[in-house]
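Worksheet for the structure shown next.
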Amino acid sequence: MVDSILEGVLAQFHNAADEINLDAKYRDYLTTWKTIFQTHFPVEMDDGSVRMFEGARIIHNSALGPTKGGIRYSASLTLDDVKALSMLMTWKCAVVNLPFGGAKGGVIVDPTALSMRELQNLTRRFTSELEPIIGPDKDIPAPDMGTNAQTMAWMMDTYSMSHGYTIPAVVTGKPVAIGGSEGRLEATGRGVLYVLEAQLAAQGGVRGKTVSVQGFGNVGSVAARVIHEAGGVITHLSDRFIALHNPQGIDVTAAYAYAGNGTHTLREWHEQNPGSTEEIAPDEVLTAEVDVLVPAAVESVLTKDNAPNVRAKLIVEAANGPTTAEADAILNERGIPIIPDILANAGGVTVSYFEWVQARQYLHWTEAQVNEELKRIMSVAFQAVAARAANNGKPVPQRQAANWIGIERVVAAIDLRGFYP
Ligand code: GLU
């Protein structure tokens with residue numbers, strides 16, 4: 001059974017590598033992680049007790065430049081997850097043509113079970129443990145599941161304090177007031193809309209299309225909102241606690257105003273607005289009969305068990321790794337196109353790149369500049385993947401094409417740089 005995200009990501013890699021006859025030396029290189037840094041560290045809790053935590057930062061490959069990737073706080077995080085997610089970051093950065101390699105990190109912790117003070121203590125201590133790894137020219141963390149702009153502010157401050165001066169380029173996804181980029185918070189969700197518009201260009205665009213969105217965190221809530229604003233009809237929407245349905249379209253503007261940014265849950269919004277939506281079983285969000293399904297929550301939600309029941313005409317992977325390898329095979333067989341994660345959710349790291357550039361130049365772009373440049377990069381990447389997927393009359397899934405592009409760009413960089421010494 002291939003269910004772990006690492007097995008799935010490796011299976012995709014070998015599948016893509018086979019088709020482009022990738023030389024064995026690159027295959028070994030690219031399935032070996034450059035740095036695996038693990039640490040155990042103490043945190044003083046509010047009641048005076050001391051708890052040990054486990055964290056990691058994994059660098060997959062740095063051929064294209066300094067490494068980039070989020071920091072995840074999750075109680076169920078494993079080292080294999082972090083390895084898989086770091087490899088996805090390598091291909092993602094390459095697909096959108098950023099001068100970055102791939103990395104990922106995280107701590108095994110349920111952040112909702114900690115007070116703000118405990119979270120700050122944990123983040124600062126973890127950052128200081130990461131001193132030998134991270135740096136504005138080396139490895140640049142960002143938010144991911146369970147972390148946010150505040151986490152990045154603490155990381156930036158801790159790193160800066162130990163160096164004696166402010167170093168804003170050491171992390172991205174910071175609050176705008178201390179060097180974050182306009183539009184970074186919305187970037188991943190906005191990028192999802194841009195690739196969706198590009199995919200549907202020949203079918204009248206997003207306007208009037210029915211859409212089911214799983215997840216209402218930073219990615220899902222913004223994706224649902226901007227798709228709604230672009231005229232898409234969000235008929236199904238869920239968060240961790242409830243799944244909602246309205247065949248006429250959910251008022252996502254109102255849901256976002258009430259429950260966006262984690263202020264409230266969708267259940268609370270549903271209860272405040274009786275009659276506006278009906279509660280449905282969580283899995284119905286994935287199997288809804290809609291034009292577009294957007295899994296924007298966690299990994300491995302589309303499995304061999306529910307893939308045969310998916311009735312969407314198109315899937316846009318806003319989450320990282322939402323489709324297991326087995327589900328991917330089933331959905332390909334059934335002819336349901338998938339815009340893969342490393343393209344669909346690359347808007348986040350793309351605006352992280354803009355934030356890093358702004359930090360290094362002490363410049364501040366307007367939100368309009370950010371969104372325009374994001375749209376340009378996402379469109380170029382989408383067209384490159386779509387053209388490659390056409391594969392000279394022998395079409396392949398976009399995931400295969402995106403992996404080919406990612407792998408080839410990294411291999412080209414390895415070739416040009418050569419091997420040291
Ligand atoms: N965590 C996000 C991702 O998975 C963003 C990473 C970044 O901006 O470095 O793509």
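Please read these numbers as outputs of a predicted model, since none were measured by experiment. Start at 1 and go down the list; that is how both ligands and their atoms are numbered.
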Give the residue, atom name and distance (to 0.1 Å) of the protein heavy atom nearest atom 8 (O) of ligand 1.
-> Ser352 OG, 2.6 Å

Shortest heavy-atom approach to atom 9 (O) of ligand 1 - which of Met89, Lys68, Met152 = Lys68

heavy-atom search around atom 10 (O) of ligand 1 in the protein gives Lys92 NZ, 2.7 Å

Ignoring angles and geometry beyond distance, decide whether Ala142 reaches within less than 3.5 Å of ligand 1 through its nitrogen or oxygen atoms.
-> no

Of the side chain and backbone of Lys104, name the one, both, or neither that has a heavy atom under 4.0 Å from an atom of ligand 1.
-> side chain

Should the pair Asp328-Arg399 be classified as a salt bridge under the 4.0 Å nitrogen-to-oxygen rule?
-> yes

In terms of ring plane angle, is the pair Phe100 and Trp356 parallel, tilted or perpendicular, where the classes change at 30° and 60°?
-> perpendicular

Could you give me the CA-CA distance, side-chain angles and deciding distance for Glu408 and Arg388, then say whether salt bridge (Lys or Arg N to Asp or Glu O under 4.0 Å) is met?
-> CA-CA 12 Å; Glu408 284 168 357; Arg388 195 66 195 276; 2.7 Å; yes

Short list, please: which atoms of ligand 1 are under 4.0 Å from a heavy atom of Gly69?
-> 9 (O)

Specify the protein heavy atom at minimum distance from atom 1 (N) of ligand 1: its residue, its atom name, and the distance to 0.1 Å.
-> Asp144 OD1, 2.8 Å

Do any nitrogen or oxygen atoms of Arg184 come within less than 3.5 Å of a nitrogen or oxygen of ligand 1?
-> yes

Run through Asp81, Asp144, Thr147 and flag the one making a side chain to side chain donor-acceptor pair (under 3.5 Å) with Arg72.
-> Asp144

Examine the proximity of ligand 1 to Asn320 and report which part, side chain or backbone, both or neither, has a heavy atom under 4.0 Å away.
-> side chain

Are Glu373 and Arg376 within salt-bridge range, i.e. N to O under 4.0 Å?
-> yes

Matching residue for Lys68 among Asp139, Thr90, Thr172 - test: side chain to side chain donor-acceptor pair (under 3.5 Å) = Thr172

Counting only heavy atoms, which portion of Pro143 has something under 4.0 Å from ligand 1: side chain, backbone, both, or neither?
-> backbone

Close aromatic pair by centroid cut-off 6.0 Å: Phe126 and Phe53 | no

